[in-house]
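Accompanying notes for the structure given below.
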Amino acid sequence: MPEEQCAVAIMAKASVAGRVKTRLVPPLTYQEAAELNTCCLTDVAASVAAAAREVPIQGFAAYHPPGSEPFFEDVLPDGFKLLPPREPTIGRSLFHAAHDLFVAGYDSVCLVNADSPTLPTEILVETVRRLRELGDRVVLGPAADGGYYLIGMKQFHRRLFEEIDWSTERVFRQTLARADEIGVAVAALAREIGPRRTAIGPYINGYRAPMTTAFLVKLAARNGVIQRLLDSAYPPPSPPIPAGNG
């Protein structure tokens, strides 16, 4: 029943070439960017489904654009539901997704982005468990760019989505300020997730992201620019310094 579950909604866009992840073009083509979007969404949804086997979760896709339901029905795991879009902007889509899920009667709500395919299942499980504890609180997963990859709530607080400079490095800090204004405690999930030794491998402590990993391997094999970008982002570790005799 909704009142016994946490609704975990992925904020997702349909993979339409030329409409998603366009900032990755070049070096990707528009079609490759759309394929990457599908891989990321598939892996995030799989991590949510894995978490649902440990804690009471109902998975959702808060999707865009209208009319793209067949795409999501084909990509998402069995049991996921669709949350129809209202407004396309980031802040308003988050606002409406949280509001609509609480109106539907869910005990708590967690919104996650679709761009974190290595999002650890354990992070989702921990979020739900914190939201089941006594007392009102907000759970935030801070991102390296100053935003957040996850926000969890025990009740709807519209102030958390007001006067936020969306898509800037100020989002996380401003959200903390809004929570302080209304007197809601914040639990921040700030654990680091470090990469493995290989540039295109999965992340230590993170979800293995098989779809995204396989796609990146395929891209790197046929595009030297992408291979160099991956190598630059995740350089191999320095060799250990030999111990001296003294």
Validation row: Leu82, Leu76 side chains within 4.5 angstrom (heavy atoms): yes
Linked hydrophobic residues, Val25 as query - side chain contacts closer than 4.5 Å: Tyr30
Separation of Leu176 CG from Glu181 CD (nearest 0.5 Å): 11.5 Å
Closest approach of Met11 to Ala114 (non-hydrogen atoms, all atoms of both residues): O-CB, 3.5 Å
Worked verdict on Lys154 versus Arg137 for side-chain contact (heavy atoms from CB on, under 4.5 Å): CA-CA 6 Å; Lys154 296 190 66 170; Arg137 68 179 49 81; 4.0 Å; yes
Non-hydrogen atoms of Leu119 and Tyr207 that approach each other most closely: O-CB, 3.3 Å
Side-chain heavy atoms of Val184 within contact of Arg159, under 4.5 Å: no
Donor-acceptor contact below 3.5 Å, side chain Thr168 vs main chain Arg170: yes
Same cluster (ILVMFWY, side-chain, under 4.5 Å), Leu94 and Val20: no
Val112 side chain reached by Tyr149 side chain, heavy atoms, under 4.5 Å: no
Common cluster, Phe60/Phe161, ILVMFWY with side-chain heavy-atom separation under 4.5 Å: yes
Atom pair CG/CD of Leu219 and Glu35 - distance to nearest 0.5 Å: 8.0 Å
Heavy-atom donor-acceptor pair, Thr127 side chain to Ile123 backbone, under 3.5 Å: yes
Heavy-atom pair of closest approach, residues Phe102 and Ser108: CE2-CA, 4.0 Å
Pro65 to Pro85 - nearest heavy-atom pair and separation: C-CG, 4.3 Å
More than 12 heavy atoms of other groups within 6.0 Å of Arg132 CZ: no
Rounded distance [0.5 Å steps], CG in Leu101 versus NZ in Lys81: 10.0 Å
Over 12 foreign heavy atoms within 6.0 Å of CZ, Arg158: no
Sidechain-backbone polar pair: Gln174 side chain, Asp165 backbone, donor-acceptor under 3.5 Å: yes
Flag if over 12 foreign heavy atoms under 6.0 Å of CZ, Arg222: yes
Transitive ILVMFWY side-chain link Val139 to Val48, under 4.5 Å: yes
Ion pair check, Arg130 and Glu126, cut-off under 4.0 Å: yes
Spacing of CG belonging to Asp115 relative to CG belonging to Asn37, to within rounding of 0.5 Å: 7.0 Å
Test side-chain contact (heavy atoms from CB on, under 4.5 Å) applied to His96 and Glu87, step by step: CA-CA 8 Å; His96 286 301; Glu87 298 180 64; 2.7 Å; yes
Any Leu150 side-chain heavy atom under 4.5 Å of Cys110 side chain: yes
CG on Asp74 to OG1 on Thr38, rounded to 0.5 Å: 9.5 Å
Between Tyr63 and Phe80, ring centroids under 6.0 Å: no
Asn113 to Ser116 - nearest heavy-atom pair and separation: OD1-OG, 2.8 Å
Side-chain heavy-atom pair Pro88, His64 within 4.5 angstrom cut-off: yes
Val55 backbone acceptor or donor facing Arg129 side chain under 3.5 Å: no
From CH2 (Trp166) to CD1 (Ile90), nearest 0.5 Å: 8.0 Å
Shortest non-hydrogen contact from Leu124 toward Ala51: CB-CB, 3.8 Å
side-chain contact (heavy atoms from CB on, under 4.5 Å) evaluation trace for Phe71 with Val16: CA-CA 10 Å; Phe71 165 80; Val16 180; over 6 Å; no
Single-linkage hydrophobic cluster Val75~Met211, side-chain heavy atoms < 4.5 angstrom: no
Contacts of type side-chain hydrogen bond (donor to acceptor under 3.5 Å, both in side chains), residue Ser47, not counting sequence neighbours: Thr121
Those residues that, when tested against Phe95, pass ring pair (Phe, Tyr, Trp, His ring centres under 6.0 Å) (two or more places apart): Phe156
Expected output: side-chain Lys21 to main-chain Ser15 donor-acceptor under 3.5 Å: no
N/O donor-acceptor pair under 3.5 Å between Asp43 side chain and Thr212 backbone: yes
Chi angles and distances behind the side-chain contact (heavy atoms from CB on, under 4.5 Å) call for Glu163, Arg178: CA-CA 9 Å; Glu163 298 183 60; Arg178 301 296 167 269; 3.6 Å; yes
Sidechain-backbone polar pair: Gln58 side chain, Gly79 backbone, donor-acceptor under 3.5 Å: yes
Phe72 and Leu41, any side-chain heavy atoms less than 4.5 Å apart: yes
